[in-house]
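Each chain gets a letter, A, B and so on, in the order its sequence line appears, and its residues count up from 1.
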Amino acid sequence: MTRSKRRAGRRHPLATAALLALGLVFTGGAYAALSTGTVAQAEVDPNSQQTIEEGKKLFQANCATCHGLEAQGTDNGPSLIGVGAASVDFQVGTGRMPMQMQGPQAQQKPVQFTDEQVKQLAYFVASLGPGPEIPSDHLVNGGGDAANGAELFRINCAMCHNVAGAGGALTEGKFAPPLTDVSGVHIYEAMVTGPQNMPVFNDLNISPEDKRDVITYLKYVQDNRSPGGFELGSLGPVAEGLFIWIFGLGAIVAITVWITAKSN
Amino acid sequence: MAQDDHSSAEIAAADSSHAAHDSAVSPGTAVITADTFENPGFPPHRPRVTDEDPKREKRAQRTVYTLFYLSILGSVWAIAAYMLFPMESNNVGDVRLNNMFIGLGATLALFGIGFGAVHWAKSIMTDVELADERHPIGGSPETQAAAAKVFADADRESGFTRRAAIRNSLIGALLVFPLPAVVLFRGFAPQDQIPVELLSHTMWKKGTRLALDPSGTPIKAADVTIGSAFHVIPEGLTELEHGRLEEKAKAAVLLMRLNPEELNELPDRESWSYEGIVAYSKICTHVGCPVALYEQHTHHLLCPCHQSQFDVANHCEVIFGPAKRPLPQLPIAVDDEGYLIAQSDFTEPVGPSFWERH
């Protein structure tokens, strides 16, 4: 009796599914445990000789083609002496470098290195000459004054990046990217270093506390949806006009056709 | 051929006699097109399903009154939404809910009436085709004569034609009447100053420090690193009691530092910059939008309104777009304490053209 019952249990149609689920839970759990392990390892000592050596190796393997073996710059890429850790952390950390190809501006793409490698590269370049540093957590956590940040953003940034941070077009194929899902650290680093064609906003132009406010404003815009309903990408009157032109007038045309059509 | 005051019957008669006349005479080589055609009449009447099937008719009737009841429901809902979603807290989210639900109710109310009425007319009301003959536009000769007589009598009795002095003075009075409005418009411009002067000068003068927008902190030359763009107002603007926005609208400046080797300056303007730091008016010379989309590598300045482009490295000459003049340059220098100051006002009016400036 018990034997046959057990057998029936093993042959139960759900047995395979249960076994599969169990296996998945185990592998998933093991993966999660392992991957949190690698994140914990990403603490990199900026001053250790080993970090700089590792960074140098990465640099010579991945960047030296354009920037030169000693980061002195070539015809294909600028010198990186004195650009600072912030610049490398931004360019490599957002996937803009290594550049896929020369063009109007470096495009964002999946990040090519681990966090640890990005930091090693950054500290290697920082060791070549003094430059802007990677900002501390306090400056990028979005805990500042959003109203002050909004005013500064409107004066200094909104003309290119759009008042809601939705991005916009520039000349000859260049564009200001949307800021809707950029991390606080990368926003800060972009302001300090002026990547691609973005002007530099040094600490005497916008102080570190003011930069913190700007980041706070952008985080506020990210977290609070527009009270006006559909944002349509926050692209402004052209996008909104096009929308109402197509759908508003389309609805009017459809209703007019319906009114004048003969009933069947 | 046919005069305007002919009735349609006369026109038809004239047309037919004309055609008969033409057929009698050889047209020669001229091509005569027959532009009259038979009135095809109405297409055969096609009964609707609601005419033939009483069930369908009942259903259409139900649809119509359901739409009208929905409209009532929408109106009541709009009232309820006003109470259910009040805008009492200072939360913008409340405004959103309030507007959305009242709007949905009002939409339902209006669309219910509209769609119901149209559906009623289309599917239930009688739909036989009718021709509504157009009557002649002109009145009968008697009416026309009577109307002309009214005018002639009025003219004779008032003496409008005969008493020329009265008539002309009235016309004169009517012509002068709108003038006060024209003069009152002048009141929109500042009273004790000449507009051309106001448009030609800004707050900048010799020695005014360049200050950061919006804080008003003066800027040192050393603060402006290569590749920087500073949004600048004249020092003292933030303390202005009134007219601050008007002054800012004229005096706004964009300050940039380029590598001095990349800067190509006009011979007479070489003393206007400082170590590659240049200051240009932020007001587009096309229609006055703020031009501030600065690209630090190409040195292009782009106006977002109409895509005018200025080349900062080449004394802000226009390289694309509808702007006609380069952006005016503000001559700058450095004072004893290292702060950036203006050497003078702009040497030309900033912003778009006006009557006295082309």
Side-chain angles (χ1 to χ4, degrees), chain A residues 78 82-83 104-106 131-132 148 150-163 168-176 191-207 210 224-230 236-238 251 255-256 258-264, chain B residues 46 48-51 60 91-97 99-100 103 111 114-115 118-119 121-125 127 212-215 217 219-220 222-231 233 254-257 282 289-304 307 309 319-320:
Chain A
V83 299
Q105 80 185 47
N148 181 42
E151 184 175 16
L152 288 167
F153 188 83
R154 286 196 299 272
I155 288 173
N156 292 288
C157 326
M159 65 291 287
C160 296
H161 286 290
N162 168 312
V163 73
L170 292 172
T171 71
E172 294 166 5
K174 298 179 285 287
F175 62 93
M191 286 190 275
V192 189
T193 61
Q196 330 295 352
N197 264 299
M198 176 169 161
V200 178
F201 295 93
N202 62 31
D203 288 350
L204 299 157
N205 187 353
I206 302 177
S207 72
D210 283 342
N224 292 276
R225 298 219 24 234
S226 157
F230 290 129
V238 175
I255 291 175
T256 314
W258 173 69
I259 289 177
T260 52
K262 245 173 137 44
S263 186
N264 62 346
Chain B
R46 183 173 58 83
R48 299 164 298 187
V49 283
T50 45
D51 296 331
N91 185 0
V92 274
D94 284 358
V95 181
R96 179 183 183 177
L97 287 180
N99 284 355
M100 186 172 79
F111 272 82
F115 280 105
V118 172
H119 193 56
K122 283 181 60 167
S123 58
I124 299 173
M125 287 185 189
D127 73 334
L212 264 181
D213 185 15
S215 64
T217 323
I219 304 164
K220 282 190 166 160
D223 298 351
V224 190
T225 46
I226 287 187
S228 285
F230 281 60
H231 296 260
I233 49 174
L254 193 66
L255 185 73
M256 292 145 289
R257 186 169 201 158
K282 213 159 94 176
C289 291
V291 191
L293 285 77
Y294 175 59
E295 299 176 2
Q296 67 142 318
H297 287 301
T298 56
H299 311 305
H300 290 175
L301 256 177
L302 169 69
C303 180
Q307 280 67 50
Q309 285 171 28
I319 51 174
F320 184 82

Counting N and O atoms only, with roles assigned by atom type, does the side chain of A:Asn202 sit under 3.5 Å from a partner on the main chain of B:Ser228, one being a donor and the other an acceptor?
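Pair absent, no side-chain N/O of A:Asn202 close to backbone of B:Ser228.
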Contact part of [X] toward chain B, heavy-atom cut-off under 4.5 Å: side chain, backbone, both or neither?
{"X": "A:Met159", "answer": "both"}
{"X": "A:Ala176", "answer": "neither"}
{"X": "A:Leu152", "answer": "side chain"}

What's the shortest heavy-atom distance between [X] and [Y], and which atoms?
{"X": "A:Glu151", "Y": "B:Pro214", "result": "OE2-CB, 3.5 Å"}
{"X": "A:Gln196", "Y": "B:His297", "result": "O-CD2, 2.6 Å"}
{"X": "A:Cys160", "Y": "B:Leu293", "result": "SG-CG, 3.5 Å"}
{"X": "B:Arg46", "Y": "A:Lys262", "result": "NH2-CB, 3.8 Å"}
{"X": "A:Val200", "Y": "B:Ile226", "result": "CG2-O, 4.0 Å"}
{"X": "B:Ala229", "Y": "A:Phe201", "result": "O-CE2, 3.5 Å"}

Rounded to the nearest 0.5 Å, what's the gap from CG on A:Asn197 to NE2 on B:His299? Could you check?
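So the gap between those two atoms works out to 9.0 Å.
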Return the option, out of A:Asn156, A:Leu204, A:Asn205, with the maximum number of heavy-atom pairs under 4.5 Å with chain B.
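Heavy-atom pair counts peak at A:Asn205.
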Evaluate A:Trp258 against B:Val118 for side chain to side chain contact (heavy atoms under 4.5 Å, CB included), listing each step before the verdict.
CA-CA 9 Å; A:Trp258 173 69; B:Val118 172; 3.4 Å; yes
Side-chain contact test, heavy atoms from C-beta onward, threshold under 4.5 Å: evaluate it for A:Glu172 versus B:Glu295 and give yes or no.
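Not in contact.
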Examine whether an atom of B:Val49 lies under 4.5 Å from a heavy atom of chain A, and if so say whether it belongs to the side chain, the backbone or both; otherwise answer neither.
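Both backbone and side chain.
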Part of B:Phe320 within contact of chain A (heavy atom distance under 4.5 Å):
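Neither; nothing under 4.5 Å.
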